[in-house]
Protein chains: 4
Amino acid sequence: MSEQLSPSPSLICETILQQIERGLFSTQSKRLPSERELSEIFNASRLTVKHALLELEAQGVIYRKERRGWFLAS
Amino acid sequence: MSEQLSPSPSLICETILQQIERGLFSTQSKRLPSERELSEIFNASRLTVKHALLELEAQGVIYRKERRGWFLAS
Amino acid sequence: MSEQLSPSPSLICETILQQIERGLFSTQSKRLPSERELSEIFNASRLTVKHALLELEAQGVIYRKERRGWFLAS
Amino acid sequence: MSEQLSPSPSLICETILQQIERGLFSTQSKRLPSERELSEIFNASRLTVKHALLELEAQGVIYRKERRGWFLAS
DNA sequence: GTGGTCTAGACCACA
DNA sequence: GTGGTCTAGACCACC
């Protein structure tokens, strides 16, 4: 990640999409890192990360299992 | 803390009480009042206050944490 | 503060500097570490820590602010 | 308002709807109180209030003028 | 002096 | 040890 402060949800969306395309984040379980881990990775608050995840969910890229985590839709 | 695993709630209680008596758990904040509060304190517009804060930042007296507020540099 | 309206930025600068020198703007927090931190400090589960905190609350030593944390009662 | 802590967005929605039906909030301008005022009225954070307002916007009850405020749709 | 947006951090319900 | 949700409070762009 760059040193940029306060990344926007859409920037986080883009970056996550790129990582997905590159095969990162896709382990056997296809689970994404937790919201807390993503917060640290992107140097953003959980709220901002959540907004990005909701955006990707709306795009159908990922889906959510309540209190279980976020997973790749493919 | 001792090396004991899984301390009982009452042991934790005791330890917390001791720490409170010793004055621990009290930290010192070096945060300045918010820009809005400073505006009211000085009866000045927020723009004027901002100019003053930027001046102090340039002098190295205070620094800014993005969206977190202003803090003493020392 | 004087009664003067619309003080200049430099006057505000001066005043803030004086307050800093006098030690104002430093407040004392009476907040306890978060439940997660206490769990790590005591190497105990969050449930155990919670029981200890509830005990201390019953003793009137600490009190809770909903979703804000635990604070010393004194 | 009751003494209830941490009201949910949907509870705030209901209450605002009732107030609208009773003709409160509807002055000549049909403008709602500011998000900050609503936060104080409902003893909730701005974020929670915002969620309630977005819900009412989705229902078509109110609409938003960017950086101007919230207004009754009728 | 508004809404827009973000931070850092709580506690909670649940698995 | 996750996501769900909320708090209190920032700064910002704009009116």
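Proteins come first, then strands; the chains are lettered A, B, ... in the order of their sequence lines, and each starts at number 1.
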Q: Might you work through the side-chain contact (heavy atoms from CB on, under 4.5 Å) test for A:T15 and A:Q19, ending with a clear yes or no?
A: CA-CA 6 Å; A:T15 310; A:Q19 307 244 7; 3.9 Å; yes
Q. What do the steps show when you test D:E55 against D:Q59 for side-chain hydrogen bond (donor to acceptor under 3.5 Å, both in side chains), and what is the final call?
A. CA-CA 6 Å; D:E55 171 66 24; D:Q59 295 177 15; 2.9 Å; yes
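Side-chain N/O atoms of C:R46 include none lying less than 4.0 angstrom from OP1 or OP2 on E:dC11. For the pair A:R68 and F:dG4, the criterion of a side-chain N or O lying under 4.0 Å from OP1 or OP2 is not met. Phosphate proximity of F:dT5 to D:T48: absent, as no side-chain N or O sits under 4.0 Å from OP1 or OP2. An OP1 or OP2 oxygen of E:dA10 is reached within less than 4.0 angstrom by no side-chain nitrogen or oxygen of C:R31.
One interatomic measurement links the two molecules: CG of C:L53 to C1' of E:dC12, which rounds to 15 Å at whole-angstrom precision. We find that NE2 of A:H51 is positioned 15 Å from P of F:dG3, with the value rounded to whole Å. Whole-Å rounding puts the B:L54 CG to F:dC12 C1' distance at 13 Å. Taking atom CG of C:L47 as the reference point, atom P of E:dA15 lies 16 Å away to the nearest angstrom. One interatomic measurement links the two molecules: NZ of B:K65 to C1' of F:dG9, which rounds to 14 Å at whole-angstrom precision. In this structure, C:E66 places its CD atom 10 Å from P of F:dA8, rounding to the nearest Å. E:dA8 atom P lies 15 Å from atom CG of A:L38, rounded to whole Å. Rounded to a whole Å, the CZ atom of C:R64 is 17 Å from the P atom of F:dC6.
In this structure, the nucleotide among F:dT5, E:dT2, E:dC11 sitting nearest to the side chain of C:W70 is E:dC11. Of the listed nucleotides (E:dA10, F:dG3, E:dG3), F:dG3 has the atom at the smallest distance from the side chain of A:S34. Of the candidate nucleotides F:dT7, E:dA10, E:dT7, E:dT7 has the atom nearest to the side chain of B:R67. The side chain of D:A44 has F:dT7 as its nearest neighbour among E:dT2, F:dG3, F:dT7. For D:K50, the listed nucleotide lying nearest its side chain is E:dG4; candidates were E:dG4, E:dC11, F:dT2. In this structure, of E:dC12, E:dG4, E:dT2, it is E:dT2 that holds the atom nearest to the side chain of B:R36.
Looking only at distances, a side-chain donor or acceptor of C:E37 sits under 3.5 Å from a matching main-chain atom of C:S34.
Between the side chains of B:W70 and B:E35, at least one donor-acceptor pair of N or O atoms lies under 3.5 Å.
Of all heavy-atom pairs spanning C:R31 and C:R68, the tightest one is NH1-O, 2.6 Å.
With a cut-off of 3.5 Å on both pairing distances, the Watson-Crick or G-U wobble partner of F:dC11 is E:dG4.
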